[in-house]
Amino acid sequence: MNLTKQKRFTSLVIIATVIGGFAAALSSCSESSTTVEDYVGVQTSDPFDPSKPVTVSSFNPTSGSVGQQIVIMGSNFGNDSSMVNVTIGGKQTVVVSVKSNAIYCYLPGAAYNHIEGNRLFADVEVSIQGKSGKAPERFEYERKMVVGKLCGKTFDRYDDAVWQDGSFAECTGFKNDGVMQFSPYNHDQLFVVYDQEPRFGTVAHGIQLIDLKEQTVQTILPLNRFSNQRLRTIDFAVDPFMYNEDGTYDYVLVPQLDSEGNPVIDSNGETVMVKSGYAPEGWDQTATADQKKWREHLIISADNDDVNYRANSVYIVDRDPNGDFSSGSTVRQLANYRQCNGASLHPNGELYFTSFAQGEVLRLDMDKYWATILPDTLSGLGTSWSPYANQNLYDVNTGTSTGSGAFEKLFTVQDVSWEFQIDIHPSGKYAYIVVINRNYILRTDYNEQTHRFSAPYRVAGDMSNAGFTDGVGLSALLNRPYQGTFVKNEEYEALGREDIYDFYFCDSQNHAIRLLTPEGIVKTYAGGGYATHADGNSWGNENGELRDFARFNRPTGLVNDVHRDGITGENTLIFYILDTYNYAIRTITMEENLEAQ
């Protein structure tokens, strides 16, 4: 998919860290007698002589990536850093210190101007008042994952960040906490649902579509389609039916079965065949994109209260007659209960949703829903759906049901009346329950025989304390964790591990993207740093190197995908982040420069 160019990295210069960073750079120098004092302090250095040439003899190190500290050796550099211009790969560096025979600077992002296969090289040049010198050797640039911005604009005040659809260059808004999800069959389409936070009690914004191919943002479903209620999460359900390209049901002929599951035989001894709208196995492998898209349905959780447990909790949204999600889509009540904070689909097709009031997790057998909406002429029931959980409960202990028996109460989490969402592992073998405003993460394991999640247990965070500490399990501290996404780890896969996914999540009040390994280790992946910033804040809007330079401001939504690398042509990892207080969709991916020759 297409991606707008990453905003170029601007190297930081923090006086308090220059000496320590400089010493680290010098530790790699081959000249053991070199000291920091040889480069810091210019009192004895000769000034630039315009009658002499500027020469560049070497540099150290000879390879590196964005943020790398570099010492350039040569002659006639003078002693005034304001006069010195250093470019590496045609990109301007930040010059920290100058002596007549050495320059100390930081490597900017995308600092290369030659591509040879999968390797990147850069010319190193120094110019001073019309005199210039070029190193005889080239620097080898090593790319890193970096933070960038896809779309949105920064504003000083929340109220100034008006919602405006349009191209990536024009659109604004993105100022509410939210959750994102890709279309299962089209990863050029990224959907966003917004909560009322951080202005609780006010009407938020409608559901948006970020079209990564067309590079546009569009509000596709206004909140009035959900009675202006508080929406919390978005997911997709894929139905089991087969479609024609115009959205009408297609069918196959299958044997009619009797009440015991045996084929019905007519008076001539022939098997009776009937139409079935259920897709045979493998149908989606040969179906066109215009056929498959009709199987997709938005799943939207809504946080509404009703002491009688009849509040709109989960909506299901169909595509409109044109095959899009829009104000013309049919919006149905899928589950009515109380104060739902999240709803997620298991790979097996079951729906799991939460209830804030009593800390409950409920299960919905989606096969029973699908059967009701398929016409009876196509082997469905063709009946109406009852979304009220308490009137359609299955009791696993007694094996009895009321109504359709489509719903089941599974378990409660440790805390009631706290926000929590569910993120299900791609294998379906377990899920993480992110307890947002109690600052911890639970794990619930999936029973593959009963097709149900079991009672959860805590794997990260302290329910009594918010904080920002990496560590193992309960020793790690979080601060308002939000949406998470599972990311395949190629090293795990190469080692043959059973679980090959890390769980990356937004730690919103720490302004960071963090990850939880299968072993329960919490690490900070991007953002959250303050020591290398002059203002001392962990929040900000800088793009670039993940930990020491890039900053976020209340990130909440997080998904991952792959896109085409502009350098190698291979698929490479990309994250999309809803950065709430920066009013932007940010990215993390391998830095690119499509203009390099």
Side-chain angles (χ1 to χ4, degrees), residues 177 179 195-197 200-201 226-227 229-233 235 299-315 333-346 350-366 386-398 400-424 430-447 450-464 478 480-484:
D177 295 350
V179 168
D195 186 17
Q196 291 179 356
E197 296 285 5
F200 177 71
F226 308 94
S227 301
Q229 294 166 346
R230 184 185 183 188
L231 307 184
R232 301 304 302 268
T233 62
D235 203 352
I299 299 294
I300 309 296
S301 65
D303 195 344
N304 304 299
D305 196 16
D306 181 348
V307 294
N308 296 313
Y309 291 86
R310 296 174 67 86
N312 299 337
S313 296
V314 183
Y315 291 96
Q333 295 176 26
L334 181 61
N336 286 47
Y337 198 62
R338 187 179 183 187
Q339 292 181 288
C340 181
N341 290 167
S344 298
L345 272 295
H346 190 277
E350 311 130 29
L351 177 74
Y352 293 86
F353 65 98
T354 69
S355 175
F356 170 90
Q358 298 298 323
E360 295 171 290
V361 173
L362 291 86
R363 177 184 186 271
L364 168 57
D365 184 347
M366 287 296 291
S386 174
Y388 301 103
N390 273 350
Q391 281 71 56
N392 296 278
L393 279 177
Y394 171 73
D395 188 332
V396 68
N397 295 316
T398 64
T400 59
S401 302
T402 59
S404 67
F407 295 88
E408 181 181 344
K409 297 180 181 180
L410 292 183
F411 53 78
T412 59
V413 298
Q414 321 175 211
D415 289 312
V416 300
S417 297
W418 296 99
E419 302 171 88
F420 65 109
Q421 300 174 355
I422 301 176
D423 294 289
I424 300 176
Y430 66 88
Y432 287 128
I433 297 175
V434 179
V435 185
I436 297 171
N437 48 0
R438 286 282 275 175
N439 313 308
Y440 63 87
I441 297 174
L442 302 169
R443 172 170 163 158
T444 171
D445 295 318
Y446 187 74
N447 187 315
T450 64
H451 286 191
R452 284 162 176 80
F453 281 112
S454 58
Y457 50 95
R458 187 158 51 102
V459 293
D462 185 335
M463 66 182 65
S464 301
L478 321 176
R480 199 171 179 268
Y482 218 84
Q483 185 181 13

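These numbers were taken from a predicted model, which means no experiment stands behind them.
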If the condition is side chain to side chain contact (heavy atoms under 4.5 Å, CB included), which residues does Thr402 pass it with, not counting sequence neighbours? Leu393
In chain order, what residues pass the side chain to side chain contact (heavy atoms under 4.5 Å, CB included) check against Asn397, with sequence neighbours excluded? Asp395
Have Asp306 and Tyr337 got a donor and an acceptor in their side chains that come within less than 3.5 Å? no
To the nearest 0.5 Å, tell me how far Phe356 CZ sits from Ser417 OG. 4.5 Å
Tyr432 and Gln421 side chains, donor-acceptor separation under 3.5 Å: no
Pairwise side-chain contact, Arg480 with Leu478, heavy-atom cut-off 4.5 Å (strictly under): no
Is there a side-chain contact (heavy atoms from CB on, under 4.5 Å) between Phe420 and Val413? Walk through the geometry before answering. CA-CA 9 Å; Phe420 65 109; Val413 298; 3.9 Å; yes
Taking only residues two or more places apart in sequence or in another chain, which ones pass side chain to side chain contact (heavy atoms under 4.5 Å, CB included) with Ala406? Leu364, Lys368, Trp385, Ser404
pair Thr412-Val361: side-chain heavy atoms closer than 4.5 Å: no
If I take atom OH from residue Tyr457 and atom CZ from residue Arg443, how far apart are they, to the nearest 0.5 angstrom? 4.0 Å
Please lay out, stage by stage, how Glu360 and Phe411 fare under the test side-chain contact (heavy atoms from CB on, under 4.5 Å). CA-CA 6 Å; Glu360 295 171 290; Phe411 53 78; over 6 Å; no
Work out which heavy atom in Ile422 is nearest to a heavy atom in Ala431; give both atom names and the distance. CG2-CB, 4.0 Å
Does any part of the side chain of Ile441, heavy atoms only, come nearer than 4.5 Å to the side chain of Ile433, both counted from C-beta? no
If the condition is side chain to side chain contact (heavy atoms under 4.5 Å, CB included), which residues does Gln391 pass it with, not counting sequence neighbours? Arg310, Tyr388
Contact check, side chains of Phe353 and Ser301, non-hydrogen atoms, under 4.5 Å: no
So do the side chains of Gln339 and Tyr309 get within less than 4.5 Å of each other, counting heavy atoms only? no
Are side-chain N/O atoms of Glu419 and Asn341 paired as donor and acceptor at under 3.5 Å? no
Quick one: sort the Tyr446 and Phe453 rings into parallel, tilted or perpendicular, breaks at 30° and 60°. perpendicular
Arg338 and side-chain hydrogen bond (donor to acceptor under 3.5 Å, both in side chains): which partner among Asn308, Asp305, Asn304, Asn390? Asp305
Measuring only between side-chain heavy atoms, which start at C-beta, is Ile300 closer than 4.5 Å to Gln229? no
Filter on salt bridge (Lys or Arg N to Asp or Glu O under 4.0 Å), then keep only pairs touching residues 403-415, sequence neighbours left out; what's left? Glu408-Arg452, Asp415-Arg438
Glu350 and Met366: side-chain contact (heavy atoms from CB on, under 4.5 Å), yes or no, with the steps? CA-CA 6 Å; Glu350 311 130 29; Met366 287 296 291; 5.9 Å; no
Please step through side-chain hydrogen bond (donor to acceptor under 3.5 Å, both in side chains) for the pair Asp462 and Asn439, ending with a clear verdict. CA-CA 7 Å; Asp462 185 335; Asn439 313 308; over 6 Å; no
Test of ring centre spacing under 6.0 Å for Phe226 and Tyr315: yes
Locate the shortest heavy-atom distance separating Val314 from Cys340; write the atom from each residue and the value. CG2-SG, 4.1 Å
I want to check something: taking the side chain as every heavy atom from C-beta on, are His451 and Asp365 in contact at a cut-off of under 4.5 Å? no
Distance col, row Asp195:CG vs Leu231:CG, nearest 0.5 angstrom, shows 8.5 Å
Mind checking what makes salt bridge (charged side-chain N to carboxylate O under 4.0 Å, His left out) contact with Asp303, not counting sequence neighbours? Arg230, Arg232
Indicate the atoms forming the closest heavy-atom contact of Ala343 with Leu351, along with that distance. CB-CD1, 4.1 Å
Measure the shortest side-chain to side-chain distance between Val459 and Leu442 over non-hydrogen atoms and say whether it is less than 4.5 angstrom. no
Considering all heavy atoms, the nearest Ser386-Asn392 contact: OG-ND2, 3.0 Å
Could you tell me whether the side chain of Thr400 and the main chain of Thr398 form a donor-acceptor pair under 3.5 Å? no
What is the minimum heavy-atom distance between Leu362 and Ser355, and which atoms define it? CD1-CB, 4.4 Å
So which heavy atom on Asp177 is nearest to which on Tyr482, and how close? CB-OH, 3.9 Å
Donor-acceptor check, side chain of Thr444 to backbone of Ala455, threshold 3.5 angstrom: yes or no? no
From Asp445 atom CG to Ser454 atom OG, the distance as rounded to the nearest 0.5 Å: 5.0 Å
